[in-house]
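Have a look at the structure below before the remarks.
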Amino acid sequence: MGVLKNAALAASTAARHLSDDPTVLALQLSRRLPARFVQPAAKAVNKALPRSVSAVALIAAHVAGDSTGLERRFETARRDGVAGNRARLVADVALAAGQPAWADEFLPAAAGASRLPATFARRKWYDGDMSGAVAALAAQRGALGRHHDRLAGELRTFTGWTPVLPAVQVEAVPGRVLHFLTNSLPHTASGYAQRGHSILAAQRDAGWDVLAVTRLGYPVQVGKILAGEQDVVDGVKYRRLLPSRMAATADARMQQEAEELLRVAVEFRPQVLHTTTHFANALVVGAVARALGIPWVYEVRGQLADTWASTRSEAAKGSQRYTEFQAREADAMRSADVVFTLGETMKESIVAAGVPAEKVLLAPNAVGGEFLQAPRAAEEARTALGLDPDLNYIGTVSSLVDYEGIDDLVEAFALLAPEIPKLRLLIVGNGTSLPALQDQAKRLGLAQKAIFTGRVPRESTPLYHGALDVFVVPRKDLSVTRAVTPLKPVEALASARPVVASDLPALREIIEPDVNGRLSAADNPADLASVLSGLLREPELRTRLGLSGRGRVLETRTWAANAAAYSAAYKKVIDGSVESRSGTHD
């Protein structure tokens with residue numbers, strides 16, 4: 001019965017995406033399916049249709065990471081004068097590939113095409129003109145009318161709408177905390193999911209009775225059709241909210257989500273609720289907390305408005321989406337009883353948004369479990385992974401997205417490879433940038449020296465850290481990377497590996513030059529190569545930096561220490577909530 005319900009949910013979700021934006025649906029499916037099947041298929045289509053400008057050929061070039069080939073196909077389409085529906089489809093692919101300038105080339109030629117208003121709406125939505133996108137579909141009926149309603153619903157969530165729930169009288173059970181998460185293990189292996197799990201496990205070990213609930217429809221909506229309504233990972237329980245069908249618009253789905261979460265909360269009876277960015281989670285959890293009359297905690301793990309803007313021009317920061325996004329985040333932080341965040345740089349931005357400094361506490365990215373044990377020698381780790389133990393390795397363990405700057409690391413490696421013949425590049429992880437990075441390595445003649453593992457089991461992550469001589473964090477210089485501190489370099493330091501990172505404020509909170517690593521200029525592969533070259537030529541220095549880094553992490557950055565900080569904050573707001581209710585009764 002559960003599988004049938006999940007299948008119905010997946011089918012309705014796919015149908016909605018197919019109606020709204022089939023190009024994006026195709027790209028999402030390509031990312032959900034195993035890369036070992038998708039990549040060869042995309043490359044085969046790319047090779048079989050070398051001059052085609054069909055939507056299928058364009059999507060295949062993008063999925064295969066053939067950025068040069070995609071550009072060439074766009075130029076061919078312009079030269080051939082594609083028009084009508086063909087021009088509309090080319091514009092759709094250009095938008096999905098993050099190339100709005102090419103979309104603008106083809107939209108005028110698409111006059112009279114079917115579904116053209118939807119493409120115009122997508123173009124405005126891409127720029128953050130949410131109201132303009134809704135207006136572009138205002139007079140439409142049928143499928144386009146439903147598309148209009150969905151965009152209008154999402155706009156409402158950005159502009160003041162909030163879920164409404166009735167008050168419920170429930171006696172909370174002492175020591176219980178309910179977490180509401182966007183995603184989680186075992187279905188998602190991101191840093192977000194790993195941090196969430198580490199917090200839950202540490203809180204459980206500290207004596208709290210913890211339960212995690214994930215967002216409505218997850219993980220079925222990311223392709224896990226066989227998922228059950230509960231997972232237990234390392235003794236931590238994850239509950240899933242899996243209706244057979246989700247409401248049609250974002251605001252209605254959020255209302256549905258709040259009602260489902262309230263149902264679980266009434267059953268579990270927590271003393272405090274805890275959620276994470278972004279504001280959609282905060283709106284739901286805030287509504288449930290008000291209904292139950294209990295405090296809630298908001299954990300700001302990122303600046304997602306800046307993450308969105310990082311893939312667009314500087315003008316995006318003046319857009320409706322960006323400004324409304326920032327405003328809703330500020331409202332959420334001010335509404336929560338306590339705000340936790342990752343570092344001092346992020347705290348400064350939160351306080352600047354009008355949140356009292358005393359309300360903002362730190363819970364930095366940290367380590368636990370196997371990372372607390374003595375790390376293996378590099379040669380032992382390499383042998384266990386099937387790597388040549390006699391070679392040198394630089395690299396990273398990361399989500400492969402543009403702002404991580406892995407392309408700069410590949411360029412730096414290209415400069416280092418001729419002078420250090422035994423050097424290899426090890427890139428561990430998956431993401432939207434992986435095909436382009438593999439193509440970049442091939443174009444630079446590094447295919448035999450650059451190793452891309454794709455996603456790996458989380459239990460093998462310490463081995464990959466241990467296999468490296470130097471761990472690299474080559475992040476681009478963007479608002480989001482200047483503020484947000486990542487998890488993986490902390491794990492690398494715990495593995496006694498020196499870290500070379502971009503010289504950005506958030507990373508300076510982790511890396512202290514010539515104490516646990518070194519900094520290099522962001523967006524500068526030549527400087528990165530120079531810094532790496534210096535470390536690679538001094539093995540004793542690498543050892544000293546690695547040991548120093550591990551010592552500092554074990555002193556200041558463990559999940560157990562964070563659990564103690566959460567406990568103190570929970571007890572304070574719980575006591576304050578009890579006193580408030582007592583005062584009301586008096």
Side-chain angles (χ1 to χ4, degrees), residues 190-192 194-196 198-199 276-278 298-311 317 322 325-326 329-330 333 339-353 355 357 360-367 396-409 429 431 470-494 497-524 527-528 531 545 549 552-553 556-559 561-562 565:
S190 64
Y192 174 97
Q194 184 58 63
R195 177 181 169 93
S198 297
I199 291 168
T276 70
T277 37
H278 67 62
Y298 192 37
E299 186 173 314
V300 180
R301 297 186 182 181
Q303 296 183 326
L304 299 188
D306 285 317
T307 301
W308 172 81
S310 71
T311 61
K317 290 187 177 179
Y322 184 86
F325 206 147
Q326 294 283 62
E329 286 293 338
M333 293 184 291
V339 176
F340 274 97
T341 195
L342 308 182
E344 291 291 348
T345 306
M346 291 182 70
K347 179 175 180 176
E348 289 173 8
S349 69
I350 292 168
V351 172
V355 182
V360 187
L361 306 177
L362 297 186
N365 278 321
V367 295
T396 194
V397 180
S398 175
S399 295
L400 304 185
V401 293
D402 289 345
Y403 64 75
E404 293 291 356
I406 311 300
D407 58 324
D408 290 334
L409 175 55
V470 182
F471 189 93
V472 190
V473 189
R475 287 186 150 191
K476 304 285 189 183
D477 186 358
L478 301 164
S479 296
V480 62
T481 55
R482 294 178 69 81
V484 179
T485 55
L487 170 62
K488 295 304 181 185
V490 180
E491 294 179 341
L493 291 172
R497 296 299 178 264
V499 175
V500 170
S502 295
D503 190 3
L504 301 171
L507 291 169
R508 287 198 291 270
E509 292 187 34
I510 303 175
I511 306 306
E512 189 172 347
D514 289 327
V515 174
N516 58 7
R518 285 182 173 170
L519 298 169
S520 67
D523 308 302
N524 189 331
D527 189 58
L528 177 58
V531 173
L545 297 179
R552 289 188 174 218
V553 165
T556 62
R557 287 178 175 265
T558 65
W559 293 118
N562 280 355

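Just so you know, these numbers come straight off a predicted model, no measurement behind them. Count residues from 1 along the sequence.
No option in V360, V339, V355 other than V339 meets the side chain to side chain contact (heavy atoms under 4.5 Å, CB included) test with V300.
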T276 and Y192: side chain to side chain donor-acceptor pair (under 3.5 Å), yes or no, with the steps? CA-CA 10 Å; T276 70; Y192 174 97; 2.5 Å; yes

For the pair V480 and W308, evaluate side chain to side chain contact (heavy atoms under 4.5 Å, CB included) and give the outcome as yes or no after the intermediate values. CA-CA 9 Å; V480 62; W308 172 81; over 6 Å; no

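Looking at E344 and K347, no side-chain N of the basic residue comes within less than 4.0 Å of a carboxylate O on the acidic one, giving no salt bridge.
With contacts defined as side-chain heavy-atom distances shorter than 4.5 Å, the pair L507/T485 does not qualify. Looking at E299 and T277, their side chains never come closer than 4.5 Å, going by heavy atoms from C-beta outward. Considering only heavy atoms from C-beta on, V500 stays 4.5 Å or farther from L519 through its side chain. The shortest distance between side-chain heavy atoms of Y298 and F340 does not fall below 4.5 Å. Between V499 and I510, every side-chain heavy-atom pair lies at or beyond the 4.5 Å cut-off.
A distance-only check finds a donor-acceptor pair linking the side chain of D527 to the backbone of A521 [under 3.5 Å]. Of the possible polar contacts, none joining the W559 side chain to the S198 backbone as a donor-acceptor pair under 3.5 Å is found. T341 places no side-chain N or O within donor-acceptor distance of the main-chain N or O of L362, the cut-off being under 3.5 Å. Distance alone, capped at 3.5 Å, is enough to place a donor-acceptor pair between the N562 side chain and the P364 backbone. A distance-only check finds a donor-acceptor pair linking the side chain of T307 to the backbone of Q303 [under 3.5 Å].
Atom CZ in R195 sits 4.0 Å away from atom CD1 in I199 (nearest 0.5 Å). Distance check: Y403 OH to T481 OG1 gives 9.0 Å after rounding to the nearest 0.5 Å.
By the side chain to side chain donor-acceptor pair (under 3.5 Å) test, S502 is found to be paired with no residue, residues two or more places apart in sequence or in another chain being considered.
Donor-acceptor pairing under 3.5 Å is lacking for the side chains of R557 and N365.
Sequence neighbours left out, the pairs with a member in residues 499-513 that pass salt bridge (Lys or Arg N to Asp or Glu O under 4.0 Å) are D503-R508, E512-R552.
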Solution key, residues 471-479 side-chain donor-acceptor pairs under 3.5 Å, sequence neighbours excluded:
from : atom 1 : to   : atom 2 : distance (Å)
R475 : NE     : E404 : OE1    : 3.0
R475 : NH1    : V484 : O      : 3.0
R475 : NH2    : E404 : OE2    : 3.0
K476 : NZ     : D407 : OD1    : 3.2
K476 : NZ     : D407 : OD2    : 3.2
K476 : NZ     : D408 : OD1    : 3.3
K476 : NZ     : D408 : OD2    : 3.0
D477 : OD1    : R482 : NH1    : 3.1
S479 : OG     : K317 : NZ     : 2.2

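Summarising the geometry of V367 relative to A494, their closest heavy-atom pair is CG1-CB, 3.8 Å, with the distance given to 0.1 Å.
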